[in-house]
Amino acid sequence: MHIKELNLTNYRNYKNLLIEFDDKVNVIIGENAQGKTNLMEAIYLLAFTKSHRTSKEKELIRWDEEYAKIEGRVEKRIQSIPLEIVISGKGKKAKLNHLEQRRLSDYIGNLNVVMFAPEDLTLVKGTPNIRRRFIDMELGQIQPRYIYHLGQFQKVLKQRNHLLKQMQRDRSINRMMLNVLTDQLIEHASTIIERRFAFLELLRKWAKPIHHGISHQVEELEIVYSPTVEVLEGASKEKIESSFQEKFRQSIEKEIERGTTLYGPHRDDILFYVNGKNVQTYGSQGQQRTTALSIKLAEIDLIYSEVGEYPILLLDDVLSELDDYRQSHLLNTIQGKVQTFVSTTSVDGIHHSTLEKAEIFRVQNGTVTS
Ligand SMILES: Nc1ncnc2c1ncn2[C@@H]1O[C@H](COP(=O)(O)OP(=O)(O)OP(=O)(O)O)[C@@H](O)[C@H]1O
Ligand SMILES: [Mg+2]
């Protein structure tokens, strides 16, 4: 799939922008603070309805304006889909084929995007919530139903935590309601973990050979799900459910004492190992970078295998940071199959073979010239 045109109105530092992209490589060049990341962010937003760098949607509206609008058209093998996001003081609207979609799960998944930005290095070395966010976003875009389960889980989690807080203060509260919420929580938690297992299985399949290649055949990547309940990876939903039942039964007093839900997918983590050693703890910068890159490149193939079309690749400020060898690996992976956006302050660090095939856009203070 690829994005043909993008139309921005009052979005960040763009007042009005209509731009047509190449379906292969688009290089976006500009000095700092001119609007390169803003442009990438707009494409990301069309895919996920969320920014990759802020949760405060008001920030996306151009200063002193009332609303921001992002419109784009995704071209797929057999269809062309208009997408639109409008953000205003009243909230956010997502339109698909000009029709508003009230449920996120009906919107997300129509445009698939893989983004690689400097902050993605924190995927390996950052806190667990970054890795959970990663798996949730990626799973959500290939399996919209996952977003539904996640939403349900979060709703029940909030209710359960609220009740646990009340019980912490007042021990005489009847436990009936807690049992009901625990059962509901287990139902959604188990579905989420079961799907995460399946996703990691795929990610591993694609990432291991890529990583092996980038590391000149000397490193073996392993990706491990680290849950808060005792389940073996790949366990069935029933198995996961019974582990949760057991865990909650054992630790109910502790949960009341703490006033919060101690076990579940909201506390799980993903661990990366290289040659048997945890990369987060022991990996060099280069190893962490290679791991993050392998994961991102793997996603391209993973999405193709699940969705049947290649996603769009956004490389914000990272290409020139990769050495020649990693750059060429990346380019081999995409090989003209994947519509790619590369942003950079200077073409110096970018391989000439990339530039040769690319359409070049220059960004200056919210205006783009090609
Ligand atoms: N809501 C907004 N309204 C107007 N301008 C904004 C808004 N949000 C951000 N900006 C401006 O956008 C610019 C930043 O754009 P962006 O992050 O895309 O820069 P960039 O070209 O990626 O720079 P760098 O090379 O440093 O990463 C800043 O000048 C900032 O002031
Ligand atoms: Mg930037």
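Counting starts at 1 for both ligands and their atoms, following the listed order. These numbers come from a predicted model, not from an experiment.
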What about the rings of Y325 and H216, do their centers lie closer together than 6.0 Å?
yes
In terms of ring plane angle, is the pair F153 and H266 parallel, tilted or perpendicular, where the classes change at 30° and 60°?
tilted
To the nearest 0.1 Å, how far is atom 6 (C) of ligand 1 from its closest protein heavy atom, and which atom is that?
W63 CZ2, 3.5 Å
Salt bridge check, E41 against K50: does any charged N sit closer than 4.0 Å to a carboxylate O?
no
So, is T37 placed with an N/O/S atom under 2.8 Å from the Mg ion (ligand 2), counting both backbone and side chain?
yes
Using ring centroids (six-membered ring only for Trp), state whether F21 and F341 fall under 6.0 Å.
yes
In ligand 1, the atoms that come under 4.0 Å of a heavy atom of R62 are 1 (N), 3 (N)
Taking distance alone, with N or O pairs closer than 3.5 Å, would you say T345 contacts ligand 1?
no
In terms of ring plane angle, is the pair Y44 and F48 parallel, tilted or perpendicular, where the classes change at 30° and 60°?
tilted
In the structure I gave you, are the side-chain heavy atoms of T261 and R267 within less than 4.5 Å of one another anywhere?
no
For ligand 1, which atoms have a heavy atom of G35 less than 4.0 angstrom away?
15 (O), 16 (P), 18 (O), 19 (O), 20 (P), 21 (O)
Stepwise, does the ring-ring contact (aromatic ring centres under 6.0 Å, His included) test hold for Y263 with F244?
CA-CA 8 Å; Y263 310 99; F244 268 120; 8.3 Å; no
Go through it in stages, so that I can follow the logic: the residues are K15 and E65, the test is salt bridge (charged side-chain N to carboxylate O under 4.0 Å, His left out), and I'd like the CA-CA distance, side-chain angles, deciding distance and then a yes or no.
CA-CA 9 Å; K15 176 143 191 62; E65 297 289 349; 3.4 Å; yes
In terms of residue, atom name and distance, what is the protein heavy atom nearest to atom 11 (C) of ligand 1?
N13 CB, 4.0 Å
Which of the listed options, E59, E65, K36, holds the heavy atom that is closest to atom 21 (O) of ligand 1?
K36
Lys/Arg cation over aromatic F248: R160, 6.0 Å, 45° cone:
yes
Give the single entry among I28, L39, N38, L60 that approaches atom 15 (O) of ligand 1 most closely by any heavy atom.
N38
From the options R12, Q34, R53, select the one whose nearest heavy atom is closest to atom 17 (O) of ligand 1.
R53
T37: numbered ligand 1 atoms lying under 4.0 Å from its heavy atoms:
17 (O), 18 (O), 20 (P), 22 (O), 27 (O)
Filtering N32, D317, N10, I61 for the heavy atom nearest atom 1 (N) of ligand 1 leaves I61
of all protein heavy atoms, closest to atom 29 (O) of ligand 1 is A33 O, 3.2 Å
When you look for heavy atoms under 4.0 Å from ligand 1, do you find them on the side chain of E31, its backbone, both, or neither?
backbone
